[in-house]
Amino acid sequence: MFLLLIFLVAVLPVNTEGEKIIDGVEAKPHSRPYMAYLQIITDNGLLDSCGGFLITRQFVMTAAHCKGREITVTLGAHDVSKRESTQQKIKVENQIVHPKYNFQSKLHDIMLLKLENKAELTPAVDVIPLPGPSDFMKPRKMCWAAGWGRTGVNKPLSDTLREVKLRTMYKETCKYYPNYNYSLQLCVGSPSTLKSVYKGDSGGPLVCAGVAHGIVSYGGLHAKPPAVFTRISSYVYWIKTVLKGK
Ligand SMILES: *[C@@H]1O[C@H](CO)[C@@H](O)[C@H](O)[C@H]1NC(C)=O
């Protein structure tokens, strides 16, 4: 398994200085209390990391391709290199991958992590609401993505949580991804007008008006936007089944 990172490059449209790439910004500490940092031991015994988000006290949502031999979730973190008093580290008891997840097509890239213990809700740890089955996110909406991913192609992972504002796109913008499916996925990030750089861990949320609508799934070659996110509203019934314990 490998970590898929999204890297959205923005290019100033025909400008004097040439291309200017701006990093996303550091999030205000604990302003996104649903964010989860996933430390993964892969099936090959390597260390990896992903993002995720708390949806109930016992479940974290992430991408299916983040599955590993063992996962530990850190909630309430801002700087994951530090031991912050707000942090809650909880082992994952069960990794529930969507039954139709396909490694090749990357469709149905959604997984639920059942925590060994319920998270304690605090000002730094909280759940985020999910959309209803008919809350189909439309194009041209402004949303936010957040993660501890790289801040540049050759940069290391970020210790602190970073965030970036991204626009949802029409399906045509993602049509060069051969397996892109508009009813199951969101196309996110303008290839031409976005003026920021973002590289965030897979599995993190796309948050639109306080609701988690997407999960970071994959991006283009050389990290060029747009990127593809799993469309959460298409999976509401499966999620409910898993949360009820089947
Ligand atoms: C997208 O996925 C849905 C649900 O699985 C399916 O019904 C539809 O045919 C797919 N669309 C395309 C263009 O493949």
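This is a predicted model, so every value here is computed, not measured.
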How close do [X] and [Y] get, counting heavy atoms only, and between which atoms?
X	Y	value
Y101	V97	CB-CG1, 3.7 Å
G132	S233	O-CB, 3.5 Å
P131	A212	CD-O, 3.0 Å
T168	K138	OG1-O, 2.8 Å

Could you state the interatomic distance from [atom1] ([X]) to [atom2] ([Y]), rounded to the nearest 0.5 Å?
X	Y	atom1	atom2	result
R167	R140	CZ	CZ	4.5 Å
K67	L38	NZ	CG	12.5 Å
L121	Q88	CG	CD	8.0 Å
S217	H65	OG	NE2	6.0 Å
E163	K28	CD	NZ	10.5 Å

Could you tell me whether the side chain of [X] and the main chain of [Y] form a donor-acceptor pair under 3.5 Å?
X	Y	value
W144	G210	no
E116	E93	no
S190	M169	no
S158	G147	no
T72	Q39	no

What residues, two or more places apart in sequence or in another chain, satisfy side chain to side chain donor-acceptor pair (under 3.5 Å) together with [X]?
X	result
S85	none
K82	D79
Y34	R32
Q87	E84

Provide the full list of ring-ring contact (aromatic ring centres under 6.0 Å, His included) pairs with a residue in residues 79-98, sequence neighbours left out, each pair given once.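 Residue pairs passing ring-ring contact (aromatic ring centres under 6.0 Å, His included), neighbours aside: H98-H108, H98-Y235, H98-W238.
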
With [X] via salt bridge (charged side-chain N to carboxylate O under 4.0 Å, His left out) - residues at least two apart:
X	value
D159	none
K240	none
E26	none

With F53, which residues qualify under ring-ring contact (aromatic ring centres under 6.0 Å, His included), at least two apart?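 None.
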
I41: which other cluster members, linking ILVMFWY side chains closer than 4.5 Å, directly or transitively?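 Once heavy-atom contacts under 4.5 Å are chained together, I41 belongs with L47.
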
Got a sec, which hydrophobics cluster with Y237, joining ILVMFWY side chains under 4.5 Å apart, including via others?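 Traced through the cluster, Y237 reaches no other member.
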
Show me the donor-acceptor pairs, under 3.5 Å and distance only, between side chains in residues 225-232 and residues at least two apart or in other chains.
| residue | atom | partner | partner atom | Å |
| --- | --- | --- | --- | --- |
| T230 | OG1 | D109 | O | 2.8 |
| R231 | NE | Y182 | O | 3.0 |
| R231 | NE | Q185 | O | 3.4 |
| R231 | NH1 | M137 | O | 2.9 |
| R231 | NH2 | Y182 | O | 3.3 |
| R231 | NH2 | Q185 | O | 3.4 |

